[in-house]
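The next block holds one structure in the form of structure tokens; read it before the comments.
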Number of protein chains: 2
Amino acid sequence: MNDDPATPIPDQARDLSWGLSNRLFFRLYQCTNMLHKTGTKALEAHSITTQQWAVLGALTRPTFVPGVAVGDLATFLLVSRQNLAGVLQRLEAMAYIERVVDPKDSRSRLILLTAKGRSLWDANMRPVIADYYREALAGFSTEDKIHLVHYLDKMLRNFKAIDPDPTGGK
Amino acid sequence: MNDDPATPIPDQARDLSWGLSNRLFFRLYQCTNMLHKTGTKALEAHSITTQQWAVLGALTRPTFVPGVAVGDLATFLLVSRQNLAGVLQRLEAMAYIERVVDPKDSRSRLILLTAKGRSLWDANMRPVIADYYREALAGFSTEDKIHLVHYLDKMLRNFKAIDPDPTGGK
DNA sequence: TATTGTTATACTCTATAACTATA
DNA sequence: TATAGTTATAGAGTATAACAATA
């Protein structure tokens with residue numbers, strides 16, 4: 001079998017590769033379902049979704065604390081500007097963030113945490129999230145975490161190669 | 001520092017652990033965004049979303065080919081019965097799946113692929129998905145994939161411990 | 001003209017509850 | 001009574017396009 005030199009991958013190997021990759025992506029799919037489900041539940045007392053969690057978490061990054069443009073935030077989170085606008089609208093309605101006009105470019109709006117938002121993060125969300133991480137990563141050594149981050153980084157780079165402009169430009 | 005024996009984890013170590021876990025979950029969040037974005041785009045010619053992809057893929061599993069109850073499918077996919085109902089409704093409208101009453105229990109409906117659905121999967125979706133896996137897992141050795149699956153499995157068990165009944169029972 | 005951000009629309013997914021029909 | 005499945009509703013996220021203001 002496979003005596004044709006023009007066929008580099010035998011069917012058997014192809015099927016094995018399919019099965020493993022398929023299982024990997026199904027596990028990833030299941031993990032994303034559970035991430036959003038358990039994550040939203042962990043923060044439900046504050047009516048914060050996982051998307052809002054990601055936005056608030058990003059705004060606590062030292063680089064973004066002075067304010068970050070909507071487009072830059074969208075690039076960082078890998079969501080489109082339009083979809084980010086909806087999330088920002090809800091967070092602003094809850095007074096956790098505010099928008100100020102960028103003095104250097106009047107087209108741009110800088111997003112930053114309000115005092116209320118910073119307080120929510122530090123006093124309420126961070127402790128809950130820390131507990132959540134401990135539960136979700138139970139049994140993971142530091143090395144395990146480092147390896148997993150490495151794999152996710154690698155996959156992310158591949159995803160970005162597939163869709164080079166995920167913020168919905170055009 | 002940390003001369004209090006009742007404090008097992010010094011603040012520094014706690015912060016390091018937070019940073020690593022936080023990075024891990026943010027990467028996971030980014031990967032899920034890109035998975036749904038690039039996955040849906042890969043199958044957009046057939047108007048199939050990643051949720052529908054997961055359902056159709058599950059129905060091709062040998063165990064499920066004879067038909068699977070809605071509840072069992074929901075347990076497998078880690079979505080709620082109610083949400084699965086909506087996805088099934090759309091797939092049925094496209095004539096990719098059908099429901100038959102379980103002869104052993106008239107309350108139960110068995111979900112199975114139609115000939116059209118099987119053909120869509122075999123002839124159209126599987127080749128596209130195989131290409132997609134190759135792109136998304138470029139640079140991953142078989143060992144890498146096995147390790148990553150292992151980590152995702154482990155995290156999934158932790159998620160299930162946090163939310164033991166993800167199919168929305170009550 | 002290009003860019004930044006917003007608004008508008010339609011669709012999908014999710015959470016929750018309530019309902020039906022069977023068991 | 002309990003279970004399997006469905007329906008109903010509201011909220012949130014997404015894709016796509018079109019728009020206003022500014023560069």
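Just so it is clear, the values below take in all heavy atoms, side chains as well, and ignore hydrogens, waters and symmetry mates. Keep in mind it's a predicted model, so treat the numbers as computed, not measured. In the text below, chain A, chain B and the rest are named by the order of the sequence lines, each starting its count at 1.
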In whole Å, what is the span from the [atom1] atom of [X] to the [atom2] atom of [N]?
{"X": "B/Leu110", "N": "D/dA4", "atom1": "CG", "atom2": "P", "value": "13 Å"}
{"X": "A/Ile111", "N": "C/dT4", "atom1": "CD1", "atom2": "C1'", "value": "12 Å"}
{"X": "A/Gln30", "N": "C/dT14", "atom1": "CD", "atom2": "P", "value": "13 Å"}
{"X": "B/His36", "N": "D/dA15", "atom1": "NE2", "atom2": "C1'", "value": "14 Å"}
{"X": "A/Asn33", "N": "D/dG13", "atom1": "CG", "atom2": "P", "value": "16 Å"}
{"X": "A/Glu98", "N": "C/dG5", "atom1": "CD", "atom2": "C1'", "value": "17 Å"}
{"X": "A/Leu88", "N": "D/dG13", "atom1": "CG", "atom2": "C1'", "value": "13 Å"}
{"X": "B/Gln82", "N": "C/dT20", "atom1": "CD", "atom2": "C1'", "value": "14 Å"}

Taking only residues two or more places apart in sequence or in another chain, which ones pass ring pair (Phe, Tyr, Trp, His ring centres under 6.0 Å) with B/Phe159?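 None.
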
Tell me which residues in residues 99-107 of chain B lie within less than 4.0 Å of DNA chain C, going by non-hydrogen atoms.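 Correct list: B/Asp105, B/Ser106, B/Arg107.
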
Taking the cut-offs as 6.0 angstrom to the six-membered ring centre and 45 degrees off its axis, would you call B/Arg23 and B/Trp18 a cation-pi pair? no

After noting the C-alpha distance and the side-chain angles of B/Trp121 and B/Ile129, does the key distance pass the side-chain contact (heavy atoms from CB on, under 4.5 Å) rule? CA-CA 10 Å; B/Trp121 179 265; B/Ile129 293 171; 3.8 Å; yes

Nearest nucleotide by nearest heavy atom, which residue falls closer to the 5' end of DNA chain C, A/Arg109 or A/Lys41? A/Arg109

[N] phosphate, OP1 or OP2, under 4.0 Å from [X] side-chain N/O:
{"X": "A/Thr40", "N": "C/dT14", "answer": "no"}
{"X": "A/Lys37", "N": "C/dT14", "answer": "no"}
{"X": "A/Asn83", "N": "D/dA12", "answer": "no"}

Side chains of B/Tyr132 and B/Thr38: donor-acceptor distance under 3.5 Å anywhere? yes

Mind checking what makes salt bridge (charged side-chain N to carboxylate O under 4.0 Å, His left out) contact with A/Asp131, not counting sequence neighbours? A/Arg134

Using the test salt bridge (charged side-chain N to carboxylate O under 4.0 Å, His left out), find all partners of B/Arg61 that sit at least two apart in sequence or belong to another chain. none

Which nucleotide sits closest to the side chain of [X]: [options]?
{"X": "B/Arg90", "options": "D/dG5, C/dC13, D/dA15", "result": "C/dC13"}
{"X": "A/Arg81", "options": "D/dA17, C/dG5, D/dA8", "result": "C/dG5"}
{"X": "A/Val79", "options": "D/dT14, C/dT7, D/dT7", "result": "D/dT14"}

Could you tell me which residues satisfy side-chain contact (heavy atoms from CB on, under 4.5 Å) with A/Val65, sequence neighbours excluded, listed by chain and number? A/Arg118

Listed partners of B/His150 passing side-chain contact (heavy atoms from CB on, under 4.5 Å), at least two apart: none

Pairs of donor and acceptor atoms involving the side chains of residues 141-148 of chain A, under 3.5 Å and at least two apart or interchain, shall be tabulated with distances.
unit_1, atom_1, unit_2, atom_2, d
A/Ser141, OG, A/Glu143, N, 3.4
A/Ser141, OG, A/Asp144, N, 3.0
A/Ser141, OG, A/Asp144, OD2, 3.3
A/Asp144, OD1, B/Tyr151, OH, 3.2
A/Asp144, OD2, A/Ser141, N, 3.1
A/Lys145, NZ, B/Ser21, OG, 3.2
A/His147, ND1, A/Glu143, O, 3.3
A/His147, ND1, B/Tyr151, OH, 3.4

Could I get the full list of side-chain hydrogen bond (donor to acceptor under 3.5 Å, both in side chains) partners for A/Arg157, not counting sequence neighbours?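 Not a single residue meets the side-chain hydrogen bond (donor to acceptor under 3.5 Å, both in side chains) criterion with A/Arg157.
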
Checking all strands, does A/Asp72 fall into the base, sugar-phosphate, or nothing category for heavy-atom contacts under 4.0 angstrom?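 Here A/Asp72 touches no strand at all.
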
Mind running a 4.0 Å heavy-atom check of residues 42-54 of chain A against DNA chain D and sending the residues that fall below it, in number order? A/Thr49, A/Gln51

